[in-house]
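Naming: A, B, ... by sequence-line order, numbering from 1 per chain.
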There are 2 protein chains.
Amino acid sequence: MMGPAEEVSPLTLNRLSFYLRSLRHLQEQGIKRVSSQELAQRYHLSATQIRKDLAQFGEFGIRGVGYEVRHLRERLRHLLGLERTQNLVIVGVGRLGTALAAYPGFNSDGFRVVGLVDSDPAKIDRRIGGLRVRPTAELADVVRDGNAIMGVLTVPTAAAQASYDALAAAGVRAVLNFAPTQLRTTRGVRVKTVDLRIGLEELGFFLARAT
Amino acid sequence: MMGPAEEVSPLTLNRLSFYLRSLRHLQEQGIKRVSSQELAQRYHLSATQIRKDLAQFGEFGIRGVGYEVRHLRERLRHLLGLERTQNLVIVGVGRLGTALAAYPGFNSDGFRVVGLVDSDPAKIDRRIGGLRVRPTAELADVVRDGNAIMGVLTVPTAAAQASYDALAAAGVRAVLNFAPTQLRTTRGVRVKTVDLRIGLEELGFFLARAT
DNA sequence: TCATGTGAAGCAGTTCACAGCG
DNA sequence: CGCTGTGAACTGCTTCACATGA
């Protein structure tokens, strides 16, 4: 039955994202129904785990048949809050910020970049993907004008905390942080830190002992 | 005791990377010794977990005292294979590939980008951070010339599998994949897929239910 | 004495096996 | 009958509590 699911593990959450992507893929192929087993085989997952993960939030399937692709996809989109588009402001328009501003995953299916901000005067008024870079001082306006709910931090590590605080003050509710540093968080403004180096180090570990 | 540690969980591995970064930070501040408890408090970790994680690979500390920062850092660097620099080739010099080519984390402390490859003729011979972009057909040469051991995939999803196969054929031992797709892997060529959207979706989930 | 290293306990996340329902 | 949904068993990760040794 329905579960408000007070706490959901990050592992489950990542799998839900992956299920959603897989369903999109199936739907593009015109497939209407899928069983947990078929889904598992196609995308190297565990059938039981798919069912357990989904059951946490309701009964989405039809016994004896499987899941209706369109319906399940809708439910997952709802669950992950992707029904309404969430607007993003990117703080720090270096190479990484520029790349993310135009990144398909940040401009489709639930997310859209609506504002760019940088502290470097040389970058102000530059245009990236239809957006004009505005000065950090105007951050609050950029957030308001774009009706942004999330911020993306792509500034140097030393500037990350100040930028986070500014985003929090501007009314953003969540921040995706690419600076490899631990941020002191404000109540009500969730942070998710992504360290691009960790993937390399994980691979390096295995190479180190494979030799 | 020494442990060959046949299997190490990704969670542990990520924490080891984080410990290493924290130790670097401490060393920069001139701190010589640190206890697991102090480390935990400073960086929001668990002291017991730090000790358990480290104990898996040997006895690195001094009972009654703590850990010598320099020594522990060296051991972690060794464990993660960062003592010798691992050379990277980036396949796909779009905005993301360009950003990573110059990303500090990909060009310091164990990693270095030594080659760039793209299939778009318009990008060939372009220079990015001292490196010349070369055609995909020359991938094997680029890997050999640069003595590269890892590849970084920043091509469109549709091209990811072919690029992975080419990297594997060129003799690379590990691939960091930024395309949101499941790759069919070649024996001996490990893959780690990083999906930049997942962080957004995780945050979106919490925003969806906070409202 | 004090903080590490570690068996034992506790908890979470995964897999199993099958009841329940279309 | 077939596949979902789910208690129960299991596996693995985290935390506890303390023996060990500098």
Side-chain angles (χ1 to χ4, degrees), chain A residues 1-19 22-23 26 31-73 75-76 79 202 205, chain B residues 1-19 22-23 26 31-73 75-76 79 202 205:
Chain A
M1 273 309 298
M2 263 305 292
E6 39 312 296
E7 271 321 302
V8 181
S9 95
L11 290 163
T12 304
L13 228 43
N14 289 358
R15 284 195 301 268
L16 291 178
S17 295
F18 191 82
Y19 301 158
S22 305
L23 289 166
L26 289 178
I31 291 163
K32 293 270 188 289
R33 274 205 280 262
V34 70
S35 70
S36 59
Q37 195 168 144
E38 197 185 337
L39 197 59
Q41 277 183 313
R42 282 189 190 243
Y43 300 100
H44 304 101
L45 303 164
S46 141
T48 310
Q49 187 149 68
I50 292 170
R51 297 201 301 276
K52 260 274 153 66
D53 284 342
L54 298 177
Q56 217 174 133
F57 303 98
E59 304 204 354
F60 301 150
I62 305 156
R63 290 172 192 233
V65 177
Y67 300 89
E68 212 187 321
V69 173
R70 170 194 285 278
H71 177 243
L72 182 55
R73 190 180 164 200
R75 298 305 306 261
L76 284 180
L79 228 99
E202 197 173 317
F205 171 84
Chain B
M1 275 302 298
M2 261 306 290
E6 41 311 298
E7 272 319 303
V8 181
S9 94
L11 290 162
T12 305
L13 228 44
N14 289 359
R15 284 196 300 269
L16 291 178
S17 294
F18 191 83
Y19 301 159
S22 305
L23 289 166
L26 288 177
I31 292 164
K32 292 270 188 288
R33 273 207 279 261
V34 71
S35 69
S36 58
Q37 194 166 147
E38 197 184 339
L39 197 59
Q41 278 183 313
R42 282 191 190 240
Y43 299 100
H44 303 101
L45 303 164
S46 142
T48 309
Q49 188 149 68
I50 292 170
R51 296 202 301 276
K52 260 275 152 66
D53 285 342
L54 297 178
Q56 219 175 131
F57 302 98
E59 303 206 354
F60 301 149
I62 305 156
R63 292 173 190 233
V65 177
Y67 300 89
E68 212 187 322
V69 173
R70 170 193 286 276
H71 176 243
L72 182 54
R73 191 181 162 200
R75 298 305 306 258
L76 285 179
L79 229 99
E202 195 173 317
F205 171 84

Next item on the list: Take atom CD of Glu59(B) and atom P of dA3(C), then tell me their distance rounded to the nearest Å.
Entry: 18 Å
Note to self: More than 12 heavy atoms of other residues, nucleotides or ligands under 6.0 Å from CZ of Arg73(B): yes or no?
What the structure shows: yes
Next item on the list: Return the value, rounded to whole Å, for the distance between atom CD of Gln37(B) and atom P of dT15(D).
Entry: 14 Å
Item checked: Atom-pair distance (CD1 on Ile50(A); C1' on dT6(D)), nearest Å -> 16 Å
Next item on the list: Figure out the CZ/C1' separation between Arg75(B) and dG5(C), and round it to whole Å.
Entry: 15 Å
Note to self: I need the minimum non-hydrogen distance between Phe205(B) and Leu79(A), along with the two atoms involved.
What the structure shows: CD1-O, 3.3 Å
Margin query: Applying side-chain contact (heavy atoms from CB on, under 4.5 Å), can you list everything that pairs with Glu38(A), at least two apart in sequence or on another chain?
Written below: Val34(A), Ser35(A), Arg42(A)
Next item on the list: Let me know the distance between CZ of Phe57(A) and P of dG5(D), rounded to the nearest Å.
Entry: 13 Å
Next item on the list: Verify the contact: side-chain N or O of Ser36(A) to OP1 or OP2 of dT4(D), cut-off strictly under 4.0 Å; return yes or no.
Entry: yes
Checklist line | pair Leu45(A)-Phe18(A): side-chain heavy atoms closer than 4.5 Å | finding: yes
Checklist line | CD on Glu68(A) to NZ on Lys32(A), rounded to 0.5 Å | finding: 9.0 Å
Next item on the list: Step through the shown structure and confirm whether more than 12 heavy atoms of other residues, nucleotides or ligands are within 6.0 Å of CD on Gln37(B).
Entry: no
Notebook entry, point to check: To the nearest Å, how far apart are Arg33(A) CZ and dG2(D) C1'?
Noted result: 13 Å
Note to self: Let's go through Leu16(A) and Phe57(A) carefully: what are the C-alpha distance in whole Å and the side-chain angles of both, what is the deciding distance for side chain to side chain contact (heavy atoms under 4.5 Å, CB included) to 0.1 Å, and is it a yes or a no?
What the structure shows: CA-CA 11 Å; Leu16(A) 291 178; Phe57(A) 303 98; 3.7 Å; yes
Checklist line | Rounded distance (Å) that lies between atom C1' of dC3(D) and atom CD of Gln41(A) | finding: 14 Å
Checklist line | Phe60(B) to Leu54(B) - nearest heavy-atom pair and separation | finding: CE1-O, 3.8 Å
Check: Is the shortest heavy-atom distance from the side chain of Gln49(B) to the side chain of Asp53(B) under 4.5 Å?
Finding: yes
Item checked: Interface with DNA chain C, restricted to residues 63-73 of chain B and to heavy atoms under 4.0 Å -> Arg63(B), Gly64(B), Val65(B), Gly66(B), Tyr67(B)
Next item on the list: Rounded to the nearest angstrom, tell me the gap between atom CG in Leu54(B) and atom C1' in dG5(C).
Entry: 10 Å
Please enumerate all protein N or O atoms sitting under 3.5 Å from an N or O of nucleotides 11-18 of chain C, with distances to 0.1 Å.
| residue | atom | partner | partner atom | Å |
| --- | --- | --- | --- | --- |
| dT14(C) | OP1 | Arg15(A) | NH1 | 2.9 |
| dT14(C) | OP2 | Arg15(A) | NH2 | 3.0 |
| dT14(C) | OP2 | Gln49(A) | NE2 | 3.1 |
| dT14(C) | O5' | Gln49(A) | NE2 | 3.0 |
| dT15(C) | O4 | Lys52(A) | NZ | 3.0 |

